[in-house]
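The next block holds one structure in the form of structure tokens; read it before the comments.
Remember, predicted model here, so these are calculated numbers, not experimental data. Heavy atoms only: backbone and side chains are in, while hydrogens, waters and symmetry mates are out.
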Amino acid sequence: MYGSGHLTELFRVLDLTGVLANATLGGVIARAEKLDPFGFATLAVLSGLGGGIIRDVLLQHGTPVALTDYAYLVTALVGAAISFVIRVQGRAWDRVWPIIDAVALGTWAAAGAAKTLAAGLGWLPAVLLGMITAVGGGVVRDVVLRRIPGVLGGNTLYATCALGAAGVLVLLSTNGHPTVGLVAATIFGAGLCIIARWRGWMLPSADAWSPARVVPPAYRQRIRHRIDPEARQRRRAAQTDSAPETARPEETP
């Protein structure tokens, strides 16, 4: 469907590499949370396969590929076993994992968008499901751990990179270049993610755009006194107490 068999196999290898990396990350988080082997396996499967499963369920075009191709589930469980047996950390992990994660993000976003277009949906669902494929697993994992998902803010660009990669795929595919679109989308998404980590690019928060004080303090206090009778009484009492006492006339003998 999209490109030759060699290209399809290459993307499958990249896809499984991303599953392994993110499943291992799920195991690393499970170790930090002091979970048991079942917890390791659960977080690994959620991290590595969650986004693709959500995409396939929403598309309703057959059983999710993670359940029909045993390589995906086995790869996720291998990642859980690696992180359970070996304490995955240190400089080597910190240098290699962001690159693998970025490539996986680009690959997943491109594959998700391509699969959505192949299902007959339009460009907007393709971009949306491409992003969900890339970040959905991490979101589900964080929700299970009762955390605010990292893609919602406070981190370098991630979901934005997935949106960009899916957009590139849709743009090139709708113009008759699906194979080029797969490659270009992966490179764009991975490259943008790596540069964002390197440069520390983040989306601005709401406080960066909205003024700190919409209503001046003096006017806000005046409104509060008008609508709150007790506050008005306290204000009058304070003014009375602070007023200087009038001098009393001297008494005549």
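- Residue pairs satisfying the ring pair (Phe, Tyr, Trp, His ring centres under 6.0 Å) criterion with at least one member in residues 52-80, sequence neighbours excluded, are absent.
- Atoms CZ and CG, on Phe84 and Asp36 in that order, are 8.0 Å from each other to the nearest 0.5 Å.
- Proximity of a side-chain donor or acceptor of Asp69 to a complementary backbone N or O of Val65 within less than 3.5 Å is not detected.
- Side-chain contact between Val151 and Asp142 is absent, with no heavy-atom pair separated by less than 4.5 Å.
- With Ser173 contributing its side chain and Val170 its backbone, the two residues share no donor-acceptor pair below 3.5 Å.
- A distance-only check finds no donor-acceptor pair linking the side chain of Arg55 to the backbone of Gly130 [under 3.5 Å].
- Contact between Thr186 and Ala110 at its shortest, heavy atoms only, is OG1-CB, 4.0 Å.
- Side-chain contact between Thr42 and Leu35: absent, with no pair of heavy atoms (C-beta onward) separated by less than 4.5 Å.
- Residues Ile194 and Ala102 approach most closely at CG1-CB, 3.5 Å, considering heavy atoms.
- For Ala114 against Leu182, the heavy-atom pair with the smallest separation is CB-CD2, 4.2 Å.
- With contacts defined as side-chain heavy-atom distances shorter than 4.5 Å, the pair Leu59/Leu121 qualifies.
- Although no hydrogens or angles enter the test, the distance criterion places no donor-acceptor pair under 3.5 Å between the side chain of Ser47 and the main chain of Ala44.
- Between Leu20 and Ile82, the closest side-chain pair of non-hydrogen atoms falls below 4.5 Å.
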